[in-house]
Amino acid sequence: MAKRTSRTGKKKPVEAQPAGEFVTIYVMGEAYQVPKELTIMKAMEYAGYRFIRGCGCRGGFCGACGTVYRTRDSYKLKVGLACQTVVEDGMYLTQIPFYPANKKEYDISQLQPDTQVLVRHYPELMRCIACNSCTKICPQDIDVMGYIQAAIRGDIARVADMSFDCIMCGLCASRCPAEIVHYNVALLARRLYGAKIAPRASHLVRRLEEINSGKFEPGLDRLTRMSEAELSRLYYQERDIEPE
Amino acid sequence: MYPPSMQESIRKLEATRQERIRQGKIPLLDAEAKKALLKSFHPDYIETSMRQLQVGPNKGDRTPHELADVLEAWPLVDPKRFDPARPKFTVDVLVIGGGGAGVAAALTAQENGARVLLVTKLRLGDANTMMAQGGIQAADKENDSPERHYLDVLGGGHFKNIPELARALVTDAPGIIAWLEELGVMFDKKPDGTMITIHGGGTSRKRMHACRDYTGAEIMRTLRDEFRNRRIEALEFCAALELLTDDQGACCGAAFVNLDTNELFTVRAKTVILATGGCGRLHIQGFPCTNHYGATADGLVLAYRAGARLVFIDTIQYHPTGVAYPEQIVGQLITEKVRGLGAHLVNVQGNRFIYELESRDITASAIIRECTERGNGVVTPTGRVGVWLDTPLIEILKGEGAVKKNLPAMYHQFARFGIYMDKEPILTYPTQHYQNGGILINDQGETGVKNLYAAGEVAGGIHGRNRLMGNSLLDILVFGRRAGRSAAEKSKTVSFDQTAGFHHLQKFQAELKTAGIPRDRCAPILFPEYRRPELQTPFVFAG
């Protein structure tokens, strides 16, 4: 592991650092001086950590880097994605490792999207005490408690729509006194909506019939045998483009 | 949020907005103009950025130094430390990689009767698939056809694509969308079920299907959920270090390290599917990148040593619009959908300089030219340059609220830094995005190494020298499904060979020795290195 400064000042900082440009963060209790404009993830790398867990897309999409922190002299627990949250002076950081979560197994093709299906799979939904801890902790600003209430009412479409931005970081489940795994409830709702409630695309069905009947094979045979010059002529001279 | 120097340019952009709306679409470049633009400004054409490989099946071919460094490298661990006679797992089909291609391959292989094990370096689903925002192409509308899709794919790839692969891609596309629809992927649809589709760069029909701007995430989380429902075995946080081969050179498993415990182990398999993704995190030519943390070309390295030929390794895709400001998210993707929705590319003076939906290599080259030769870039406080994407224009063209509705992920990402893209433009510059080439496969996903298959970004030939938006989410599923099916079928005809080992390494190591490759250059690298040089230490198991 890297050289580092400890809170007790046993080791020196590895580099002389210009004043005013740096803040102090604490990772698992160890103090580090890091440039103030870095995200938590980049600051920890600057401090010498090499991520294996707790690092994924680095772009706010995968939910791998949920981080809990608090600042000095505050009792409040704050959260953020390490790849998106900028460090603050005096930040005490903890990476959340894998969080065990309940997920029901199902065959989506056999499920009926009735009002009881979510509660049947996740009966703990009914234990929701509407404390709003889930919403308060969500780094995606999703109204988590709102969609859990919709799930209790059996409104699958509403759960699917409200939860769409969920990146499944699991922070909601980490705080829930009713031990609901919100993101898995939401995923079931979205899959039910996509498979069973949203109307199917009829043009897709027609196109599949055409493909299966071999309608496009002669045309594709011709195209795949074409020389670069012939293809180029078709592409640049004969290809019409659908207006925007 | 923008510093005053940048705000001045924003005012110029606002002043030209009405005129730009009246102007409408800028004409497309013709073939000659495109060629000239690429030759002068595309990073692939910088002679000194590449070198000829000295070892392996592609000896003599040119590739970027960063990729050559891992292809011409020594094994990470001593093969003698593994005992292939005592595998930890024995399965029919081994899938390496837990992104879209790997999970699609595993689902399909299982459907075809194989006992499957999936092993992945990070978490199941941690992959570039999760980050794909814009959409997935498929010719399923009345005015479209697989033939049209094929011609667009070939034109985008500069007519160098391998025809059988491009054909498989476009023919399977509607079936892939139907499969996803059945699994419950929430596509953007009209109330009657019609898919809402838009243009992407280089498309002649609106065939981009989307799930808001979480298309890849929505597909990945659905596939992953299905994977878990089917109880397919998976190991997470285990990185592949080497393939296993028998004395005939056929692939028969792989060697791994458990990243938490440093345990080294092998998996024996009748067939192996590599679905490890691309090379984005090698940071070719020092570009920032849009890719996932794990995209370090591991699969290319492993397959290359085992004798698989690679194709189009001299061409990398630079996405035209990476974030250029704020500094914290530099290099991250601004989906092409933003331009598909009508946002203009505008220089420091407030003027347009290229049609926004030219293919990616053309648009990227035009932005580089604007910022370098023409000196029309907007300079950020840290000295980066970029051009504007006039995103408030989307609100004017598509109605108030259109940005938040169509680009919620993107809106959120900028709002975190106090930039509201429905009110202010965003600054952009090309960023490394995709490896156009990869392991040569046939239309069943087979590589040149017996019993070794490849799917997804690690495979090459489908997109020729440049990929169009929306064809990689398609490609991972088309070839993931095909590789899964053919690997499962093949596994029924293969019996376990007692000679399993690292036979391929002897020849490769002899070549390395002859070429004088330094012993301390080892691959796969598994993770990019972002620690300061003085804090860097090697992996414990490396040695």
Side-chain angles (χ1 to χ4, degrees), chain A residues 2-3 14 37-39 42 45-46 48 50-53 55-62 64 84 86 103 105-109 140 160 164-165 167-168 187 190-195 198-204 207-208 211 216 219-220 223-224 228 231-232 234-236 239-242 244, chain B residues 25 30-31 122-123 126 130-131 140-143 145-147 150-151 154-155 159 163-164 167 171 174-175 177-178 181-186 189 192-195 199 204-206 212 214 217 221-222 225 228-229 237 259 292-293 327-328 332-333 408-409 412-413 416 527 530-532 534-535:
Chain A
K3 292 177 198 161
V14 288
E37 71 275 11
L38 298 182
T39 58
K42 288 183 178 175
E45 284 170 338
Y46 179 89
R50 190 181 206 190
F51 288 98
I52 290 173
R53 289 176 182 269
C55 179
C57 73
R58 305 173 72 102
F61 279 93
C62 77
Q84 301 289 303
V86 178
K103 188 202 113 57
E105 289 172 10
Y106 40 80
D107 178 349
I108 201 80
S109 68
Q140 290 286 88
F164 199 83
D165 290 4
I167 56 173
M168 303 179 79
L187 182 61
R190 284 195 305 273
R191 289 194 64 183
L192 282 168
Y193 182 84
R200 289 296 174 93
S202 53
H203 54 91
L204 190 52
R207 178 54 38 87
L208 285 173
I211 288 172
F216 304 109
L220 286 167
L223 284 168
T224 46
E228 189 176 326
L231 284 165
S232 180
L234 267 187
Y235 183 80
Y236 284 107
R239 193 178 68 134
D240 64 311
I241 295 176
E242 181 178 1
E244 275 161 42
Chain B
K25 186 175 165 179
D30 62 25
L122 291 158
R123 298 180 311 168
D126 271 354
M130 194 64 100
M131 308 171 75
D140 55 33
K141 292 284 183 77
E142 296 282 340
N143 67 349
S145 71
E147 290 126 304
Y150 181 88
L151 188 61
L154 270 279
F159 309 104
E164 60 165 333
R167 180 180 187 153
T171 307
I177 302 291
E181 198 186 33
E182 267 166 38
L183 288 173
V185 167
M186 275 176 64
K189 288 179 176 180
D192 69 351
T194 305
M195 296 279 180
H199 272 301
S204 65
R205 288 291 181 272
K206 295 181 185 176
R212 304 185 197 178
Y214 285 99
R221 63 198 182 190
T222 303
D225 192 53
R228 288 177 176 154
N229 281 344
F237 300 104
L259 291 169
H292 195 276
Y293 188 51
E327 190 67 25
Q328 292 92 340
Q332 287 180 19
L333 182 67
H412 210 86
Q413 195 170 32
R416 284 186 180 115
F527 295 105
Y530 296 131
R531 296 172 296 181
R532 285 177 286 162
E534 65 272 26
L535 300 182

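Lettering follows sequence order; numbering is per chain, from 1.
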For A:G56 and A:C62 the tightest heavy-atom approach is CA-SG, 3.6 Å
- For B:E142, does its backbone N or O pair with a side-chain atom of A:H203 as donor and acceptor, under 3.5 Å? no
Pair count under 4.5 Å, heavy atoms only, with chain B: among A:G60, A:A64, A:C57, highest is A:C57
### Query
Between A:E45 and A:R58, does at least one N-O distance fall below 4.0 Å, as a salt bridge requires?
yes
Step-by-step side-chain contact (heavy atoms from CB on, under 4.5 Å) determination, A:K103 to B:D225
CA-CA 9 Å; A:K103 188 202 113 57; B:D225 192 53; 2.8 Å; yes
Assert top hit (heavy-atom pairs under 4.5 Å, partner chain B, pool A:L192, A:I211, A:I167) equals A:I211
In short, B:M195 meets B:I177 closest at the heavy-atom pair CE-CG2, 3.7 Å
Cut-off 4.5 Å, heavy atoms of chain A, and the answer for B:K189 is side chain
Looking only at A:I108, A:D107, A:D165, A:L38, most heavy-atom pairs under 4.5 Å shared with chain B are made by A:D165
If one checks every heavy atom of A:L231 against chain B at 4.5 Å, the contacting part turns out to be both
Minimal heavy-atom distance between B:N229 and A:E105, with the atoms involved, is OD1-CA, 3.4 Å
| Do the non-hydrogen side-chain atoms of B:E147 and A:L220 ever get within less than 4.5 Å of each other? | yes
Of B:N143, B:L154, B:L333, B:D30, the largest count of non-hydrogen pairs under 4.5 angstrom with chain A goes to B:N143
Counting heavy-atom pairs under 4.5 Å with chain A, the top scorer among B:R228, B:R212, B:Q413 is B:R212
Whatever's closer than 4.5 Å to a heavy atom in chain B on A:T224 counts as both
Max heavy-atom pairs within cutoff under 4.5 Å with chain A, candidates B:E182, B:H412, B:M130, goes to B:H412
Backbone N or O of A:L234 within a donor-acceptor pair of the A:R239 side chain at under 3.5 Å?
no
B:L535 and B:R531 have their tightest heavy-atom pair at O-NH1, 3.9 Å
With chain B, the option among A:E228, A:Q84, A:M168 that has the most non-hydrogen atom pairs under 4.5 Å is A:Q84
Checked B:P163, B:S204, B:P174 vs chain A; the most non-hydrogen pairs under 4.5 Å come from B:S204
Honestly, the part of A:R200 sitting under 4.5 Å from a heavy atom of chain B is both
When the 4.5 angstrom heavy-atom criterion is applied to B:R205 and chain A, the contacting part is both
Bottom line for A:Y106: the part with an atom under 4.5 Å from chain B's heavy atoms is both
Under 4.5 Å to a heavy atom of chain A? For B:D126 that would be side chain
Whatever's closer than 4.5 Å to a heavy atom in chain A on B:L122 counts as side chain
Most contact-rich option vs chain A, by heavy-atom pairs under 4.5 angstrom, among B:E181, B:K25, B:M131, is B:E181
Honestly, the part of B:R221 sitting under 4.5 Å from a heavy atom of chain A is both
So, the part of B:F527 with a heavy atom under 4.5 Å from chain A: the answer is both
Whatever's closer than 4.5 Å to a heavy atom in chain A on B:Q332 counts as side chain
If one checks every heavy atom of B:Y530 against chain A at 4.5 Å, the contacting part turns out to be both
Taking every heavy atom of A:L208 against every heavy atom of B:A178, the minimum-distance pair comes out as CD1-CB, 3.5 Å
For the rings on A:Y235 and B:F159, is their centre-to-centre separation under 6.0 Å?
-> yes
CD1 of A:I52 to OH of B:Y293, rounded to nearest 0.5 Å, is 7.5 Å
**OP:** In sequence, state the C-alpha distance, the side-chain angles, and the governing distance for B:T222 and B:M186, and then conclude on side-chain contact (heavy atoms from CB on, under 4.5 Å).
**Re:** CA-CA 9 Å; B:T222 303; B:M186 275 176 64; over 6 Å; no
Determine yes or no for a side-chain-to-main-chain donor-acceptor pair under 3.5 angstrom, with A:E242 supplying the side chain and B:K206 the backbone. yes
Cut-off 4.5 Å, heavy atoms of chain B, and the answer for A:R207 is side chain
If you tally heavy-atom pairs under 4.5 Å between each of B:H199, B:E327, B:E164 and chain A, the highest tally belongs to B:H199
